[in-house]
Each structure stands twice: as C-alpha cells, then as structure tokens.
Amino acid sequence: MFLFGNKSWLPPLRVQWVLGALVAMLPLLGGVFYAAKIMDQHNRAQSRLVILSGQVSTLGATVADQTKDLERVFRQYQLLKDDRFKSVFQQQHSKLVTNLNQLQGMLEPSVQQTLFADLFARLATIESALQASSMEAESINDDFRFLHARIKTLNGEVYRMLRHRQETLETSYQDSQWRLLVMGAWVLPGTLILVWLVSVMVLRPIDQLSTAIKKMGKGDWHTDIHITGSNEMVLLGENLAWMQTQLQTIESQKHAFLQQVTHELKTPLAAIMEAGSLLADEVPGKLRGNQRQVLSILQDNANNLQMLIQQLLDYNSASKEHVQQLENYSLDDFFHEKLADLKGLAEARKVSLTLHGEKQTIPLDTVRMAMVVRNLVSNAVNLTPSGKSITVGWQMENGSWCLQVEDEGPGIDENNVARLFEPFYQGGAKKQGSLKGSGIGLAIVKECVELMNGEIQVNNRYQIMDDQRDVADSKDATGEVCGACFSVRLPLVQAVSVSPEADSKKEHLTDGNATTKSNKYLLGDNA
C-alpha cells in the first residue's frame with residue numbers, strides 16, 4: 001500500500017547543503033574573479049602609463065638639453081677651429097641620436113613618421129657641414145632653429161600622446177565599471193535563483209514529510225507516503241509510512257470498538273426502556289406516588305443514556321469519509337423539523353428557542369447537517385440558564401451560506417478554545433442538566449463541518465455597556481460576556497443526480513435510524 005523509497009544515489013543532506021551552497025556561489029565567485037581581473041588589468045595599464053610618462057618626459061627634456069649642448073659645441077668649433085671640439089661634437093651627436101632612437105621606440109608610429117625623419121635629416125646635414133668645414137653662418141643658424149623647433153614640437157606631441165593615452169585609459173576604466181555593474185545586475189539575481197533552486201532541491205523531501213504529516217494530522221491516513229532525496233530522508237519517510245499504518249490500524253480498531261460497544265449497550269437499554277414503559281402503563285399493577293417518582297427518574301436517565309449512545313454512534317459515523325449524499329431541502333423546513341424535539345426540551349428548562357432565516361431551498365447533506373444543528377443547539381440548551389434565550393439563524397452569502405447558534409450562557413473560556421472541539425474534552429462551563437455530557441458533541445460538529453468542506457468558528461458575545469447591544473465579535477467588544485456564538489460557514493454546492501446503481505452502494509451515516517428521501521445528489525462544483 002505504501003511506496004517506500006529505494007536507496008538513493010544522493011549524498012547525505014549535510015553534504016547536499018554544502019554542495020548547494022558552493023553551486024549557488026559560483027556566479028558570485030565568477031563575478032568577483034572577473035572584477036579582480038579587470039581591476040588588475042587597469043592597474044597594470046596605469047602603472048605602465050606612469051612609467052612611460054616618466055621615461056618619455058625625461059628623454060624629451062634630455063633631448064632638448066643635448067640639442068642645446070650640441071649647438072654650443074658646434075659654435076665653439078666654428079669660432080676656434082679646434083679639432084677637440086669636433087670630437088666632443090661627435091660624442092654629443094651620437095648621444096642625441098641614441099636618445100632620439102630610444103624615444104622613437106616609445107612613441108606611436110603617427111608621431112614617428114615626420115618629426116623623427118626631419119630631425120635625423122637635419123642632424124645629418126649639420127654633421128656633414130661640420131665634417132666638410134662648409135659652415136655658412138646663416139645656413140647653420142637656420143638648421144639649429146629648425147632643430148630646436150622640431151624638438152619643441154616633439155615634446156608637445158609627446159605630451160598630447162600621453163594625455164590621449166590617459167584619456168583612453170580612463171574611458172576604458174569607465175567602460176569596465178559599466179560592464180561590472182551590468183554583470184552584477186545579472187550575477188546577484190542569478191545567485192538568488194540558484195540559491196532558491198538549491199533550497200527547493202534540498203528541502204523537497206522535508207516539504208514532502210511536512211505535507212505527509214499535515215495530512216496525517218487531519219486524519220488522512222490512506223494517501224501513500226513517498227519521500228525522495230538522500231538515504232536518511234528516504235528512511236525517515238519509510239518510518240513515517242510505518243507509523244501511518246499503525247495509526248490507521250488503531251483508528252480502525254477504535255471505530256470498530258465504538259461501534260460494537262454502542263450496539264451492545266443499546267440492547268439492554270432497549271429492554272430497560274421497554275420495562276419502564278410497561279411500568280408507566282401500570283401493566284404489572286398500579287403505582288404509588290413515590291414509585292412513580294422513582295420511575296420518572298429511571299426513564300429520564302434511560303433517555304439521557306440513549307442520547308449519549310446515539311452521540312457515540314454519530315461520532316463514529318461522522319469520522320468516516322464518504323461521498324456526500326445531498327437532498328434539495330428548504331432551510332426553514334429543515335431547521336424547524338430537526339429542532340422540534342429540542343424545542344420541547346428548551347421549554348421544559350424555561351429557555352426560549354428562536355429560529356429565523358431565509359426560506360431558501362438548497363442541496364443539503366441532511367444527515368451530517370442534522371448532527372451539526374442538533375449538537376450545537378442541545379449544547380446551547382444544556383448551558384443556558386432558565387429565563388434566557390437561544391437564537392438559531394441562517395443566511396445566504398457569496399457562494400456560501402452561514403448558520404449561527406447564539407446563546408446567553410456563560411460563554412467560552414479563552415483558555416479552552418483551542419481544545420473545545422477535541423473528542424471527550426469538556427470545558428469548565430457547568431451544564432444545567434443533571435447528567436454530565438460525553439464531551440463529543442462539538443467533536444461531531446467539527447468532523448461533519450470539515451467533511452462538508454466548511455469551517456466553524458466560536459466567539460464570546462459581549463454586552464456593550466453604552467447601548468446594551470449584544471455583539472458576536474469579541475475583538476472590538478467591551479463589557480461583560482453574555483453568551484457564545486457558533487458560526488458554521490458551508491459552500492453552496494451544485495447538485496448532480498446519482499444513478500440507481502451508485503445510490504445503492506452509498507453508506508448511511510448513522511446506525512440505520514437515519515432515513516433519506518428518494519432524491520439524492522453527489523457533491524459537485526461550488527456554485
């Protein structure tokens with residue numbers, strides 16, 4: 001019946017959490033690595049640019065100074081005609097050419113093409129003039145002016161080149177920042193999605209366990225339990241399925257025990273009630289006054305005992321799930337019919353019982369609904385003091401209808417509300433009758449309401465001190481408790497006719513005492 005999980009290839013749950021965390025962190029780690037790489041590249045480029053700027057600036061200044069020195073040596077040789085100055089000129093010339101070649105290697109080709117060609121050509125012209133001793137003053141002056149102008153232009157080009165590289169680097173850095181922002185906008189949601197997927201995968205067996213436990217808590221012990229995941233979760237699911245089997249067995253035994261005991265009690269009780277009837281009819285002989293008083297006590301307690309046995313039967317039947325059997329019934333006729341005998345009980349205890357509501361005909365699960373209204377009203381009658389009143393009202397709402405039973409009893413102790421609908425639990429309120437209740441009336445109500453897909457609420461009624469109005473909602477009320485209000489909300493259902501074959505297979509909720517009309521319906525969609 002139960003689907004036990006096989007051995008799983010998945011690692012233990014602890015390992016799954018660690019691996020899942022690592023997988024979820026991959027996009028974030030990738031983004032951090034990419035950002036670190038981008039920043040390192042920019043730092044390296046910035047460092048290279050700083051070094052290049054220092055080297056180029058130094059060489060530019062050196063070339064300008066060497067050009068001046070070269071001109072000074074040339075002038076000295078031109079004036080003194082001393083070959084020693086020619087030798088110094090050659091050394092200075094060689095150094096200047098070397099520095100120019102080094103500077104040319106550091107600059108961009110666009111800077112190199114014209115400026116360096118002109119510089120080298122003019123230096124060659126000056127050197128040739130020195131070697132040939134053909135030194136015309138005007139021509140030499142023009143050459144050196146041209147040389148100085150080109151060196152100055154070269155330094156300007158160097159400055160512009162460095163500035164352009166700096167701007168390019170800044171633009172690249174801004175582009176990288178933008179790419180990092182865009183990547184972060186994708187990485188963060190990606191990480192969150194992975195975290196969610198990993199948590200869903202890892203927590204799936206826990207959710208399955210939680211769902212199975214909730215179903216078991218609501219009395220659903222027939223749904224198969226199938227837990228997937230790691231071996232320990234599968235084993236836990238198998239243990240839960242075993243416990244489900246045990247609880248189902250215990251529940252079946254409990255229902256069987258209640259059914260058997262109540263049936264066994266009804267047989268001697270029927271004999272006692274029959275004997276009491278014979279005595280009341282004075283078949284064995286006439287009764288004296290004190291004998292009639294004892295017989296009255298006997299009959300009252302026999303009737304109360306019969307009511308308790310019937311409650312046990314109702315509780316046993318209400319706990320069994322089956323398809324609702326619906327009958328088209330007028331709510332006004334239904335409540336007046338089902339509460340006719342309780343009106344007599346209320347009058348005997350000097351309690352006023354008032355019914356009011358719309359004369360609306362709807363499909364009703366008459367057997368369960370009768371259990372609900374009889375238990376709620378009988379509970380109210382037993383708790384309401386003499387001279388007080390009970391009101392039973394009903395009304396249509398959007399897609400549902402609501403039943404309210406209000407009394408003027410002692411109200412509900414807030415500490416008992418959580419356990420009020422537990423089987424065999426009796427609150428602190430004292431009943432007005434002589435016989436103590438069984439504590440299953442409200443449990444029967446809850447079982448029936450839930451099987452009819454409805455909900456039930458209970459609140460104390462308070463008496464407002466300023467205008468003496470009774471209200472059912474205790475949240476906003478102030479004043480003394482003046483009773484309790486039970487509200488049952490049920491969906492309006494669409495009736496579907498039942499075939500004779502299907503109708504013959506339906507179980508009756510009670511011990512064969514409940515009768516149904518020929519018109520029956522199955523539960524359909526909500527209206």
Side-chain angles (χ1 to χ4, degrees), residues 300 303-304 306-315 317-318 325-396 401-409 421 429 431-433 435 437-438 440-449 451-452 454 456-458 461 470 472 483-490 508-511 513-517:
D300 287 343
N303 289 330
N304 287 331
Q306 185 185 33
M307 182 185 67
L308 293 178
I309 292 174
Q310 188 60 45
Q311 277 193 331
L312 288 173
L313 285 172
D314 289 346
Y315 175 70
S317 300
Q325 299 187 33
L326 306 180
E327 302 178 30
N328 281 328
Y329 227 114
S330 170
L331 290 176
D332 185 70
D333 293 341
F334 176 81
F335 289 117
H336 280 85
E337 176 184 330
K338 301 303 178 184
L339 296 178
D341 54 343
L342 288 178
K343 275 192 173 183
L345 177 62
E347 291 174 359
R349 295 188 176 177
K350 298 181 180 180
V351 175
S352 171
L353 179 58
T354 305
L355 281 67
H356 68 86
E358 304 177 21
K359 294 184 178 181
Q360 182 77 27
T361 299
I362 63 172
L364 285 177
D365 187 340
T366 55
V367 177
R368 288 195 179 113
M369 199 61 223
M371 293 185 194
V372 170
V373 67
R374 285 182 62 85
N375 279 284
L376 286 178
V377 175
S378 63
N379 190 66
V381 170
N382 289 329
L383 292 173
T384 302
S386 299
K388 299 295 184 178
S389 63
I390 299 172
T391 303
V392 179
W394 59 92
Q395 61 183 0
M396 298 295 111
W401 68 281
C402 181
L403 167 68
Q404 288 188 331
V405 178
E406 300 179 352
D407 62 55
E408 294 183 354
F421 296 98
K431 292 195 174 183
Q432 302 299 316
L435 185 66
S438 63
I440 62 172
L442 293 180
I444 294 173
V445 171
K446 184 180 180 182
E447 290 277 356
C448 292
V449 170
L451 290 174
M452 291 187 292
I456 183 169
Q457 293 181 345
V458 57
R461 299 173 62 246
D470 294 344
C485 175
F486 287 83
S487 300
V488 177
R489 189 180 304 277
L490 295 169
H508 290 289
L509 281 177
T510 59
D511 184 32
N513 297 326
T515 59
T516 55
K517 298 182 180 180

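Of the inter-residue distances, the one linking K338 atom NZ with T366 atom OG1 reads 6.0 Å to the nearest 0.5 angstrom. Annotation: the span from T391 atom OG1 to L353 atom CG amounts to 8.0 Å, rounded to 0.5 Å. Atom CE of residue M371 and atom CD of residue E447 lie 10.5 Å apart, to the nearest 0.5 angstrom. In this structure, CG in L451 is found 8.5 Å from CG in D365, a value given to the nearest 0.5 Å. Atoms CG and CG, on L364 and L331 in that order, are 5.5 Å from each other to the nearest 0.5 Å. Distance check: F486 CZ to L442 CG gives 5.0 Å after rounding to the nearest 0.5 Å.
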Worked verdict on T354 versus I390 for side chain to side chain contact (heavy atoms under 4.5 Å, CB included): CA-CA 6 Å; T354 305; I390 299 172; over 6 Å; no
Worked verdict on N328 versus I362 for side chain to side chain contact (heavy atoms under 4.5 Å, CB included): CA-CA 5 Å; N328 281 328; I362 63 172; over 6 Å; no
Worked verdict on Y329 versus Q360 for side chain to side chain donor-acceptor pair (under 3.5 Å): CA-CA 8 Å; Y329 227 114; Q360 182 77 27; over 6 Å; no
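Of all the heavy atoms in C448 and V372, the pair that sits closest is CB-CG2, 3.6 Å. Between E408 and T384 the shortest heavy-atom distance is N-OG1, 4.2 Å. When every heavy atom of P385 is checked against every heavy atom of G409, the shortest pair comes out as CD-CA, 4.0 Å. Taking all atoms of both residues into account, the shortest heavy-atom contact from A380 to V405 is CB-CG1, 4.3 Å. Shortest non-hydrogen contact noted between G454 and L490 is CA-CD2, 3.7 Å. Among all heavy-atom pairs drawn from R349 and V381, the shortest one is NH1-O, 4.0 Å.
Taking the six-membered ring for Trp and thresholds of 30 and 60 degrees, H356 and W394 have nearly parallel ring planes, at less than 30 degrees apart.
At least one donor-acceptor pair under 3.5 Å links the side chain of D407 to the backbone N or O of A484.
Side-chain contact between K350 and K388 is absent, with no heavy atoms from C-beta onward closer than 4.5 Å. Contact check for V488 versus L376: side-chain heavy atoms found under the 4.5 Å cut-off. Side-chain contact between E358 and D332: absent, with no pair of heavy atoms (C-beta onward) separated by less than 4.5 Å. Using a 4.5 Å cut-off on side-chain heavy atoms (C-beta onward), Q395 and Q404 make no contact.
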